[in-house]
Peer 1: 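I have a structure here, written as structure tokens, and I will follow up with some questions on it.
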Amino acid sequence: MNLALLSEQDLLDDHRARLTGRRRDHLVDVLRAGEGDTLPVGVEDGPMGTGTVTCLTDTSAELRLELDQSPPPPLPLTLILAMPRPKMFRRVLQTVAALGVKDIWLINSYKVEKSFWQTPSLQPGHLRENLTLGLEQAMDTRMPQVHIRQRFKPFVEDELPALLRDRPGLVAHPGTSTPCPVHLQRPATLCIGPEGGFIPYEVEKLEEAGCQSVHLGPRILRVETAVPVLIGRLYDLCG
Ligand code: SAM
């Protein structure tokens, strides 16, 4: 936790907040902070700055806030991800939130196991928890939006075209002839397949909608590795 992300419930007023649970424990056990110490804080979807610990108890930490900074710019990327297996899904969510992706679409695909859609990680509270961990890691406050679409064809036919308006669409697909572009200076939409990959019919449908298939070289990467490699290749993360 490089920044404590404050929700509305944490705010006592415009200048004070109270941390409990995981964030209070992290502050004490990992950061070894005490009264008078400061730590980076940010308000969800709002400004960032510092919090000075004014009162520490066994269950809570009260902070005086100075919020004078903006969060880092979001990545102009819409990410379309075939639903990964739950354990990987949680890690991928944290990673993409840390990388600055704000628009995430979880879609079905032939090789997505039906049981993946039953995971509690898809419940709003769990989604938020994992996204928060990513934002806290990267020191960002803007909460990503997650859209869940459990039917591939209606998504591709009815919704994908709008996500490709005025921006290139890419399908990461091993074995295609076009290398993934680098250093994009504009928004883009990126589709990433499931562990077993997109089937030819799905690639065809994505291409029909306007996407171009691209590869990352001959090595087949796990989804959790392919995601940051693709994003790091598409955008210059150093600003
Ligand atoms: N056997 C599957 C295939 O050939 O599509 C492997 C799928 S891979 C484990 C999971 C996803 O990560 C792929 O669908 C793709 O989106 C992305 N990916 C992994 N390695 C890639 C590569 N070398 N080039 C492009 N995409 C890749």
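Numbering of ligands and ligand atoms starts at 1, following listing order. Residue numbers count from 1 along this sequence.
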Peer 1: For atom 8 (S) of ligand 1, what's the nearest protein heavy-atom neighbour? Residue, atom name and distance, please.
Peer 2: Leu221 O, 3.5 Å
Peer 1: Among all protein heavy atoms in this structure, tell me which lies nearest to atom 5 (O) of ligand 1, with the distance rounded to 0.1 Å.
Peer 2: Gly197 CA, 3.3 Å
Peer 1: Nearest to atom 10 (C) of ligand 1, what protein heavy atom do you find, and at what distance?
Peer 2: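 Ranked first by proximity to atom 10 (C) of ligand 1 is Pro194 O, 3.1 Å.
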Peer 1: Name all residues meeting the side-chain contact (heavy atoms from CB on, under 4.5 Å) criterion together with Glu207; count only those two or more places apart in sequence or in a different chain, and write none if there are none.
Peer 2: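 Counting only residues at least two positions away or on another chain, Glu207 forms a side-chain contact (heavy atoms from CB on, under 4.5 Å) with Val203, Ser213.
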Peer 1: Knowing that exactly one of Leu67, Leu11, Thr141 qualifies, which makes a side chain to side chain contact (heavy atoms under 4.5 Å, CB included) with Leu6?
Peer 2: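 Output: one option passes, namely Leu11.
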Peer 1: Ile192 versus ligand 1: do any nitrogen or oxygen atoms come within less than 3.5 Å of each other?
Peer 2: no
Peer 1: CG of Asn2 to CD of Gln137: how many Å apart, nearest 0.5 Å?
Peer 2: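 Asn2 atom CG to Gln137 atom CD measures 5.0 Å (nearest 0.5 Å).
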Peer 1: Check each heavy atom of Pro218 against ligand 1 and say whether those closer than 4.0 Å belong to the side chain, the backbone, both or neither.
Peer 2: neither
Peer 1: Could you work out, for atom 24 (N) of ligand 1, the closest of Ile199, Leu216, Val171, Leu230 by heavy-atom distance?
Peer 2: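 Answer by nearest heavy atom: Leu216.
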Peer 1: Hey, does Ala82 sit under 4.0 Å from ligand 1 if you only count heavy atoms?
Peer 2: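 Contact absent.
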Peer 1: For ligand 1, is any non-hydrogen atom under 4.0 Å from Arg219's backbone (N, CA, C, O), its side chain (CB onward), both, or neither?
Peer 2: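 For Arg219, only backbone atoms sit under 4.0 Å from ligand 1.
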Peer 1: Starting from atom 2 (C) of ligand 1, locate the nearest protein heavy atom and write down its residue, its atom name and how far away it is, to 0.1 Å.
Peer 2: Gly196 O, 3.5 Å
Peer 1: Of the protein's non-hydrogen atoms, which lies at the shortest distance from atom 18 (N) of ligand 1, and what is that distance?
Peer 2: Ala226 CB, 3.9 Å
Peer 1: What part of Ala172 sits under 4.0 Å from ligand 1 if we count only heavy atoms: the side chain, the backbone, both or neither?
Peer 2: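 Looking at Ala172 and ligand 1, atoms from backbone and side chain both fall under 4.0 Å.
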Peer 1: Determine whether a donor-acceptor pair (N or O, by modelled atom type, separation under 3.5 Å) exists between the side chain of Arg23 and the backbone of Ala61.
Peer 2: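 Judged by distance alone, no pair lies under 3.5 Å.
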Peer 1: Say whether Arg90 and Ser121, considering side chains only, have a donor N or O and an acceptor N or O under 3.5 Å apart.
Peer 2: yes
Peer 1: Please identify each residue that fulfils side-chain contact (heavy atoms from CB on, under 4.5 Å) with Asp166, with sequence neighbours left out.
Peer 2: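 Checked Asp166 against side-chain contact (heavy atoms from CB on, under 4.5 Å); zero matches.
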Peer 1: Starting from atom 14 (O) of ligand 1, which protein heavy atom do you reach first, and at what distance in Å?
Peer 2: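 Nearest protein contact, heavy atoms only, for atom 14 (O) of ligand 1 is Gly193 CA, 3.3 Å.
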